[in-house]
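In this text, all values refer to a predicted model and were calculated from it rather than measured experimentally.
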2 protein chains.
Amino acid sequence: MKNNSSHQKISVAVDVLLFTIEDDKLKIVLVKRKEKPFKGSFALPGVALRESETLKEAAERSVRERTGLKNIFLEQLYTFGELERDPRSRTVSVTYYALTDPGKLDASGADDGVSLISVDEILKGDPELAFDHREIIEYGRNRLGGKVNYSDIAFEFVPKEFTLPQLQRVYEILLGENLYKANFRKMIAPLVEETGNMLTGMAHRPSKLYRRKQNN
Amino acid sequence: MKNNSSHQKISVAVDVLLFTIEDDKLKIVLVKRKEKPFKGSFALPGVALRESETLKEAAERSVRERTGLKNIFLEQLYTFGELERDPRSRTVSVTYYALTDPGKLDASGADDGVSLISVDEILKGDPELAFDHREIIEYGRNRLGGKVNYSDIAFEFVPKEFTLPQLQRVYEILLGENLYKANFRKMIAPLVEETGNMLTGMAHRPSKLYRRKQNN
DNA sequence: TATCATAGTACAAAATTGCTACTAAGTCAA
DNA sequence: TTGACTTAGTAGCAATTTTGTACTATGATA
């Protein structure tokens, strides 16, 4: 850590990958760029880091300015610093990933110009994104897949009260493979408790509603 | 990602946690600061990011300038951006961790002012480090512990030819717990192959030397 | 009221992990 | 030269976890 180069020409940006699951698909919030370069292309919501805010605060601001969401799950992902990432100037981008259930996102009153796009489609190349944002999303997608197994991130994608089939579907989408119902329930049982309510009106047998167990 | 703030007051540093295992202890390379602030304290080796280099290149440069080492294992750890990290100016520090076996480090002809310090001692608070470097090392130490189980980082701490007891010791130090010999060998067997050589002159039964299997 | 589709449970088979106890081999002291 | 010592390496069983199948339960719908 030195400060010998007194005139700094390197910009610091904070970009956010805001994931949610809707219609059984992993999706991400993108914004349509209104300026060059990549005018009209989709890009990750991001901000320039201010001197008076921490990295995480900048990430929270980015989410809030675009979607109105506050207090959602947010963790640092990776920092990208290739030379030609941004044609305007040398920019280092610290990325965060945020998770939310689609209900909160709908209710939050997001900007125009904010879209929810299927991550699978993006990774196939459609639509093409601005900057290196497709690669960033690919990296984030892989991280999510890894994190499912040794953390509780799956809960971030469902409402406070949820059914086990719902939660299992989240696991399956994040892992990209189907799970055995019986095994899934054994695994998840210590983490949840019944609310006493049922999810009815769905045709067929209704399922019990659970909530996340707090302590433990 | 915006560039509306044309005069950038935020510095970008790249700091490296260079770990090795020596005398059955996890150690880290620190340098003694020659300037204020924290003059005389130990700190992580770091550099200011140059406009013409990527983050990883800066990390490599930091390792090379201090220790002479090239081509060692290097991965990004985390980016620290609290407001008061550096009393001189707002500094975002992108950190990398590097791993090496102590043999390479000895042979590389490191600078004066470069020390190998026990990580356990540092985490206990002795010696006290400059900036927030103790917290960074704590974060890196935890990451190492987690990574052992689902990656091959342990191999980075041993020479090209190694014995299974040596490798097991590395696992034990990183995990902080003892492993059963028989299980360890079953787990590691698919990853290694015998070289045909033995490590002799050690008193007691000599052990076979192995190398890492390449493909697979 | 029977059928359908999904919710939820019981339980065996297979694989892995945890653990103990053994045999093997070189050094060193007598 | 030999036997004790200490570490290297292996065999194998017990306990647990994971994998998988097959069943029963329940409300909606026709």
Checking B/Asp101 side chain against B/Gly103 main chain: does a donor-acceptor pair fall under 3.5 Å? yes
Within residues 147-160 of chain A or reaching into it, pairs that qualify as side chain to side chain donor-acceptor pair (under 3.5 Å) - sequence neighbours excluded: A/Glu75-A/Lys147, A/Asp152-A/Arg212
Strictly below 4.0 Å, heavy-atom distances to any atom of DNA chain D: list the hits from residues 172-182 of chain B, or just say none.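 Close to the strand are B/Lys181, B/Ala182.
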Taking side chain to side chain contact (heavy atoms under 4.5 Å, CB included) as the test, write out the residues that go with [X], two or more places apart.
X: B/Arg211; value: B/Glu193, B/Thr195
X: B/Ser41; value: B/Phe38, B/Ala130
X: A/Glu138; value: A/Leu123, A/Arg134, A/Asn142

Can you name the side chain to side chain donor-acceptor pair (under 3.5 Å) partners of B/Glu53, sequence neighbours left out? B/Arg61
Among all residues two or more places apart in sequence or in another chain, which pass the side chain to side chain donor-acceptor pair (under 3.5 Å) test with B/Lys32? none
Quickly work out the [X] [atom1] to [N] [atom2] distance and round it to whole Å.
X: A/Lys208; N: C/dT9; atom1: NZ; atom2: C1'; answer: 10 Å
X: B/Asn183; N: D/dC13; atom1: CG; atom2: P; answer: 15 Å
X: B/Glu194; N: D/dG9; atom1: CD; atom2: C1'; answer: 11 Å
X: A/Phe184; N: D/dT21; atom1: CZ; atom2: P; answer: 19 Å
X: A/Asn197; N: C/dA7; atom1: CG; atom2: C1'; answer: 16 Å
X: B/Leu164; N: D/dT10; atom1: CG; atom2: P; answer: 9 Å
X: B/Gln168; N: D/dG9; atom1: CD; atom2: C1'; answer: 11 Å
X: B/Arg185; N: C/dA24; atom1: CZ; atom2: C1'; answer: 12 Å

Could you note down all residue pairs passing ring pair (Phe, Tyr, Trp, His ring centres under 6.0 Å) where residues 98-128 of chain A supplies at least one of them, sequence neighbours left out? none
Which pairs with one or both residues in residues 172-193 of chain B pass ring pair (Phe, Tyr, Trp, His ring centres under 6.0 Å), sequence neighbours excluded?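 Every pair satisfying ring pair (Phe, Tyr, Trp, His ring centres under 6.0 Å) with a residue in residues 172-193 of chain B: B/Tyr171-B/Phe184.
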Which pairs pass salt bridge (Lys or Arg N to Asp or Glu O under 4.0 Å) with one or both residues in residues 172-187 of chain A, sequence neighbours excluded?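 For residues 172-187 of chain A, and leaving out neighbouring residues, the salt bridge (Lys or Arg N to Asp or Glu O under 4.0 Å) pairs sorted by first residue read A/Arg169-A/Glu172.
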Distance-only polar pair, side chains of A/Asp15 and A/Thr95, donor-acceptor under 3.5 Å: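 Looking only at side-chain atoms, A/Thr95 and A/Asp15 do not form any donor-acceptor pair under 3.5 Å.
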Pull out every residue in residues 153-160 of chain B that has a heavy atom closer than 4.0 Å to any atom of DNA chain C, ordered by number, or say none. none
What nucleic acid atoms does B/Lys186 come within less than 4.0 Å of, heavy atoms only: base, sugar-phosphate, or nothing?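 Touches a base.
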With 3.5 Å as the limit, what N/O pairs link the protein to nucleotides 26-30 of chain C?
residue: C/dG26; atom: N2; partner: B/His204; partner atom: ND1; Å: 3.1
residue: C/dT27; atom: O4'; partner: B/His204; partner atom: N; Å: 3.4

